[in-house]
Trainee: 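If you scroll down you'll find the structure; I have some questions about it.
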Amino acid sequence: MTLDPATQIRRFTSDIIDEARLEKLLGEAQRPLRVKFGIDPTFTDVHLGHGVPMRLLRRFQLLGHLPVLIIGDGTARLGDPTGRNDQRPPLSVEEVAHNAATYLEQIGNLLDLDPKWCEVRHNSEWFGTMDFFDALKLASEGTAARLLERDDFRKRMDAQLPVHMHEMMYPLMQGWDSVMVESDIEIGGNDQLFNLHMGRQLQERHGQAPQVCLTTPLLLGTDGRKMSKSYGNHVGLNATAEEMYGKVMSLSDEGMADWFRLATDLEEAECQKLLAGHPRQAKDRLARLVTAQIHSEEAAEAAAQEFTRRFRGGELPSDIPVFQLAEPSWSLPNLMKEVKLAQSTSEARRLIQGGGVKLDGVALQDVKHVIELTAGGEGLVLQAGKRRFARLFLA
RNA sequence: GGGGAGAUACCUAAGUGGCCAACAGGGAUGGACUGUAAAUCCAUUGGCUCAGCCUUCAGAGGUUCGAAUCCUCUUCUCCCCA
């Protein structure tokens with residue numbers, strides 16, 4: 001990758017507020033810049049989409065600057081309304097602490113969390129000691145009209161959905177974080193622009209230089225929609241190498257260019273070359289790069305081989321979960337429930353009738369089929385759909 | 001505080017006394033095709049001891065041979081007025 005800091009940073013940004021100031025800050029470099037990034041500990045499944053700002057933070061870290069991670073244990077109590085069409089459920093203190101720990105653990109592969117190179121703060125530090133009058137004072141720093149202009153609120157109002165007062169406090173709280181940590185730069189997803197701006201506004205009102213705001217582009221999910229666990233199109237940072245490689249391989253062709261840019265460090269020219277070739281080849285390279293980054297070169301290579309063997313060669317996976325069952329004789333639906341290939345008898349029946357169930361490679365379409373288990377040998381391999389397997393033995 | 005509207009399965013959304021386990025679309029799952037891409041086509045999408053039965057239409061009661069549909073109360077939301 002090229003050495004010019006601004007170019008490195010631009011690869012991961014869609015909006016830059018006050019580009020001139022960014023250049024100036026980077027140019028002076030008299031001191032490590034404080035680069036703020038807020039983490040909402042409202043969930044535990046961190047995915048590659050969340051990894052994009054991390055990778056940008058890593059760039060800053062490599063350039064000698066200081067990432068300041070804000071664990072929003074105060075803000076999490078209400079939840080960022082950005083992009084939401086409903087209200088978030090409140091979280092308990094324990095949940096928040098657990099989520100934050102899990103989050104940090106997972107991003108450890110992308111960012112150096114050594115206290116020497118990275119500052120981690122909890123915003124309960126300042127919100128926890130605020131009394132009601134302090135909160136009112138903070139509330140007086142923004143206007144309702146400004147907040148209600150926002151798309152997400154606008155849409156909810158139009159759809160006749162509730163917008164609660166406390167949700168409007170969120171941007172102010174995030175902005176206040178910037179004041180408290182005296183950030184020079186704040187990074188956020190590109191839907192965060194409003195919240196980031198609030199930081200500038202509050203900083204100015206409190207005698208600080210307004211932070212530069214950088215937003216990172218959204219890394220789309222494997223199906224081209226916004227990456228989200230609820231769509232099942234995400235690649236979790238805690239996924240195994242195999243899962244990760246496989247997930248990336250299921251990425252739509254259209255999404256590849258963005259993925260090369262946002263999820264790998266591969267040089268621009270090289271990316272273009274790959275994208276011009278066969279999509280499958282390019283995707284394989286992409287999947288290896290992504291996997292290697294979180295796991296290792298070796299793990300990525302192994303995952304690629306296993307993938308090829310399984311899906312191109314049509315062979316069985318090498319790590320089929322083994323079940324030792326006490327009963328020798330099972331009706332097919334019950335057996336599937338027992339080994340978690342189906343959640344209910346009805347689901348099992350659907351799978352069977354749809355032709356998705358195989359025993360040792362042979363499709364079974366009879367719902368009433370009875371399976372007799374045996375003790376020794378290879379056992380029986382039961383398969384549901386393309387990727388769920390169970391190897392069965394009589395205990 | 002007053003008046004009006006509304007709450008249906010994962011989501012959107014029909015249904016306004018029996019033909020409703022509940023139209024339609026989306027999503028999801030399975031199958032065909034394939035590069036675990038896209039597009040397309042087919043099937044499925046509450047549960048079960050599955051040609052039958054059981055539990056669902058915000059919650060609790062009630063009317064009726066019979067209710068998601070009618071009545072009462074409760075909870076939540078939206079709109080208008082103050």
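Convention: sequence-line order gives letters A, B, ...; per-chain numbering from 1. Because the structure is a prediction, the values reported are computed rather than measured.
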Trainee: Tell me which nucleotide among B:rU34, B:rG35, B:rA38 gets nearest to the side chain of A:R312.
Mentor: B:rG35

Trainee: Paired with B:rC50: which nucleotide, if any, by Watson-Crick or G-U wobble criteria at under 3.5 Å for both distances?
Mentor: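 The answer is none; no pair meets the criterion.
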
Trainee: Find which nucleotide of RNA chain B each of A:E254 and A:V357 is nearest to by heavy atoms, and output the residue with the more 5' nucleotide.
Mentor: A:V357

Trainee: Any idea which of B:rG35, B:rG27, B:rU77 is nearest the A:R225 side chain?
Mentor: B:rG27

Trainee: With a 3.5 Å limit on both atom pairs, tell me what B:rG1 is paired to, counting Watson-Crick and G-U wobble, or say none.
Mentor: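 By the stated definition (distances under 3.5 Å), B:rC81 pairs with B:rG1.
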
Trainee: Each nucleotide in nucleotides 46-52 of chain B should get exactly one letter: B, S or -. Can you fill that in based on protein heavy atoms under 4.0 Å?
Mentor: -SBSB--

Trainee: With salt bridge (charged side-chain N to carboxylate O under 4.0 Å, His left out) as the rule and sequence neighbours excluded, what pairs involving residues 364-377 of chain A come up?
Mentor: none

Trainee: Under a 3.5 Å limit for both distances, which nucleotide forms a Watson-Crick or G-U wobble pair with B:rA9, could you say?
Mentor: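 Checking every strand shown, B:rA9 finds no partner, since no pair has both distances under 3.5 Å.
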
Trainee: Between atom CD1 in A:I352 and atom P in B:rG31, what is the gap in whole Å?
Mentor: 13 Å

Trainee: Hey, can you pull the residues of residues 295-305 of chain A with a non-hydrogen atom under 4.0 angstrom from RNA chain B?
Mentor: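 Output list: empty, so none.
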
Trainee: Write down the partner of B:rA38 under the Watson-Crick or G-U wobble criteria, each distance required to be under 3.5 Å.
Mentor: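 Its partner: none found.
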
Trainee: Who is the Watson-Crick or G-U wobble partner of B:rU69, with both distances under 3.5 Å?
Mentor: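 Base-paired to nothing in any strand shown.
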
Trainee: Quick one: label A:K247 by what it contacts on the DNA or RNA (base, sugar-phosphate, nothing), any heavy atom closer than 4.0 Å.
Mentor: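 Nothing, no nucleic acid heavy atom in range.
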
Trainee: Scan every strand shown for a Watson-Crick or G-U wobble partner of B:rC20, both distances under 3.5 Å, and answer none if you come up empty.
Mentor: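 Paired with B:rC20, as far as the under-3.5 Å criterion goes, is no nucleotide at all.
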
Trainee: Answer with yes or no after comparing the ring centroid distance for A:W117 and A:H65 against a 6.0 Å cut-off, counting only values under it.
Mentor: no

Trainee: Please give, in whole Å, the distance from B:rG35 P to A:R309 CZ?
Mentor: 19 Å

Trainee: For residues A:Q208 and A:E182, is any side-chain donor paired with an opposing acceptor at under 3.5 Å?
Mentor: no

Trainee: The side chain of A:D223 lies closest to which of these nucleotides: B:rG30, B:rA28, B:rG35?
Mentor: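 Output: B:rA28.
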
Trainee: Give one of base, sugar-phosphate or nothing for A:G355, where a contact means two heavy atoms less than 4.0 Å apart.
Mentor: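 The residue A:G355 makes sugar-phosphate contact but no base contact.
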
Trainee: Under a 3.5 Å cut-off for both distances, is B:rU45 Watson-Crick or wobble paired, and to whom?
Mentor: B:rG27

